[in-house]
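In listed order, ligands and their atoms are each counted from 1. It should be emphasised that the depicted structure is a prediction, and the values quoted were computed from it without experimental measurement.
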Amino acid sequence: MGTTSGSLCKLVALLYFISSRSIQSNGESEDEQGTEPKGCDLFKGSWVFDDSYPLYYDALSCPFIDPGLNCQKNGRPDNIYLKYRWNPISCELPRFDGRNFLQKLRGQKIMFVGDSLSNNQWQSLACMLHFAVPDSNYTLLGRGPLLTLSFPVYGVSIMFLKNGFLVDLVVEKVGRVLKLDSLSRTQHWKGVDILIFDTYHWWIHTGRLQTWDYFQVGDQLFKDMDRMEAYKIALTTWSQWVDSNVDPDKTKVFFQGISAIHYHGNEWNGPDVQDCRGQTKPMEGGDFPGQHYPGEAVVKDVLGNMTKPVYLLDITLLTQLRKDGHPSNYANGGVDCSHWCLPGVPDTWNELLYAALLEN
Ligand SMILES: *[C@@H]1O[C@H](CO)[C@@H](O)[C@H](O)[C@H]1NC(C)=O
Ligand SMILES: *[C@@H]1O[C@H](CO)[C@@H](O)[C@H](O)[C@H]1NC(C)=O
């Protein structure tokens, strides 16, 4: 960040924006509420070419990147996709400062809970922090579904807890049962200072990719149901846990919004048969021609009814614009147009997380 009065102004505007939002997103558009400085929405904007990027770490030296996400190592020939900065319409995203992040969050636990996109963001943050303090020792510990990276000098732990649906998936006599109103594996969520949840893409899987045989609500089993209805019941179950267990003075809660996938070119005005393969540049401008994900409205509806503040990291638009950011055929076999290369787009999610946390 520069020291000119211009950028200072922008920072002040940003901080005002964040504090007036008080780490809360209730799903109304900011304009409708009329409480925000005009146009200062971190999640509306466009991608601009910035040759100084990638800023935060080097793909070949970060030890935390899954082989399938390390696109440069996997031989991806182009690198322009690394050189874009998210540019909100009328505020500036502060640069991520890993050392400052660790100092500010001294003694705290940060936990990502969710699916592989949550893991994608965890890996990005792990790289960003490690790169900021390369001489600081760290420990990495994996225990069942929980992965913990600690920086002992700062007392900071960054954790990933794998939990694709948030609610319980249990194997019983009848088969695999997804219990929409049951949440029993929450012991790891307690005592965490910053919780960042996500879940979405597993809910729309069918056929071979579907990982359950029945939905259950109360005592009733359903072979199938409207997926958005199921998603809504599950998110409501999660929201009730947050509302009754989280003390906002101690714990900040985030929800990572729906991350875009790019398997059908017609969503970005390309031929339908086209997926993310061969895409080397983001969409220009700040509008995505394709449809909304039905889950976006569900997330906003559920968050809007909560009594505890949850900050929505609303990454849908900014990911929709990045058909170039996926591993595509530089994954580990197959074509991956849903996860993200690292370095890459999730680094921006962490810039946004950092901006939100700068509030206090
Ligand atoms: C890191 O750990 C090593 C081995 O335990 C130790 O020798 C070194 O002093 C530590 N470095 C820092 C910066 O604490
Ligand atoms: C949220 O509250 C509104 C108004 O009471 C209600 O109509 C809606 O169904 C609620 N949404 C959820 C997800 O519970």
Determine the minimum heavy-atom distance between Cys91 and Leu42, stating which atoms define it.
SG-CD2, 4.0 Å
If the threshold is 4.0 Å, N to carboxylate O, is there a salt bridge linking Asp51 and Lys83?
yes
Looking at Trp340, does the NZ or CZ of Arg322 lie under 6.0 angstrom from its six-membered ring centre and within 45 degrees of the ring axis?
no
So, Asp193 and Lys250, do they make that salt bridge, N to O below 4.0 Å?
no
Working for ring pair (Phe, Tyr, Trp, His ring centres under 6.0 Å), residues Phe255 and Phe197
CA-CA 5 Å; Phe255 194 89; Phe197 294 94; 7.4 Å; no
Supply the members, apart from Tyr214, of the Ile/Leu/Val/Met/Phe/Trp/Tyr cluster built from side-chain contacts under 4.5 Å; use none for a lone residue.
Val174, Val177, Leu221
Which N or O atoms of ligand 2 sit under 3.5 Å from a protein N or O, and how far apart is each pair?
{"unit_1": "ligand 2", "atom_1": "2 (O)", "unit_2": "Asn305", "atom_2": "OD1", "d": "3.0"}
{"unit_1": "ligand 2", "atom_1": "2 (O)", "unit_2": "Asn305", "atom_2": "ND2", "d": "2.4"}
{"unit_1": "ligand 2", "atom_1": "11 (N)", "unit_2": "Asp301", "atom_2": "OD1", "d": "3.2"}
{"unit_1": "ligand 2", "atom_1": "11 (N)", "unit_2": "Asp301", "atom_2": "OD2", "d": "3.3"}
{"unit_1": "ligand 2", "atom_1": "11 (N)", "unit_2": "Asn305", "atom_2": "ND2", "d": "2.8"}
{"unit_1": "ligand 2", "atom_1": "14 (O)", "unit_2": "Asn305", "atom_2": "ND2", "d": "3.3"}

